[in-house]
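Accompanying notes for the structure given below.
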Amino acid sequence: MMITRHRPFEGGSLTVHDIPARKCDCDVLTSLPDGVIVDGYKWLLEKNGIIGDVTVSLSKLKERFEPMDFIRPHLNIDAGA
């Protein structure tokens, strides 16, 4: 099944459609990498001061981003070690 996720952010809202998901008991589950991309893109919109409503398909986000693009900046890795 394909679902749409709506994520409000400071200044607007992000709508991502065509997210693959599966129904499990009483919940709808999406894959962790897909969730990281959606939430990471929302963070990117906030960080760059984007205002308004943004709608995009997950496939378009995946063409440009991968989960590590959003995880790497938050890792505290000493490059010299």
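Model, not experiment: these values are computed from the prediction.
- Ile50 and Phe9 make their closest contact through O-CE1, 3.1 Å (heavy atoms, listed as atom of the first residue, atom of the second, distance).
- The salt bridge (Lys or Arg N to Asp or Glu O under 4.0 Å) analysis of residues 46-59, with sequence neighbours excluded, yields the pairs Lys42-Glu46.
- Looking at residues two or more places apart in sequence or on another chain, you find a side chain to side chain contact (heavy atoms under 4.5 Å, CB included) between Met2 and Asp18, Pro20.
- In summary, the side chains of His6 and Thr15 do present a donor paired with an acceptor at a separation below 3.5 Å, with no hydrogens or angles considered.
- For the atom pair CG of Asn48 and CH2 of Trp43, the computed distance is 8.0 Å after rounding to the nearest 0.5 Å.
- Taking the side chain as every heavy atom from C-beta outward, Arg5 and Ile3 approach each other to under 4.5 Å.
- In this structure Glu10 satisfies the salt bridge (charged side-chain N to carboxylate O under 4.0 Å, His left out) test with no other residue, sequence neighbours excluded.
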For residues 28-36, run the donor-acceptor check on the side chains, cut-off 3.5 Å, and write out each pair with its distance to 0.1 Å, sequence neighbours left out.
residue, atom, partner, partner atom, Å
Ser31, OG, Asp34, N, 3.3
Ser31, OG, Asp34, OD2, 3.1
Asp34, OD1, Lys62, NZ, 2.9

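- Scanning both residues, Leu58 and Val38, for their nearest heavy atoms gives CD1-CG2, 4.2 Å.
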Tell me, with the steps shown, if Lys23 and Met1 meet side-chain contact (heavy atoms from CB on, under 4.5 Å).
-> CA-CA 8 Å; Lys23 183 101 170 130; Met1 94 166 38; 4.1 Å; yes
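- Scored by the ring pair (Phe, Tyr, Trp, His ring centres under 6.0 Å) test, Phe70 finds Phe65 as partners (sequence neighbours excluded).
- Of all the heavy atoms in Ile19 and Val16, the pair that sits closest is CD1-O, 3.7 Å.
- Considering only residues two or more places apart in sequence or on other chains, Arg7 meets the salt bridge (charged side-chain N to carboxylate O under 4.0 Å, His left out) condition with Asp39.
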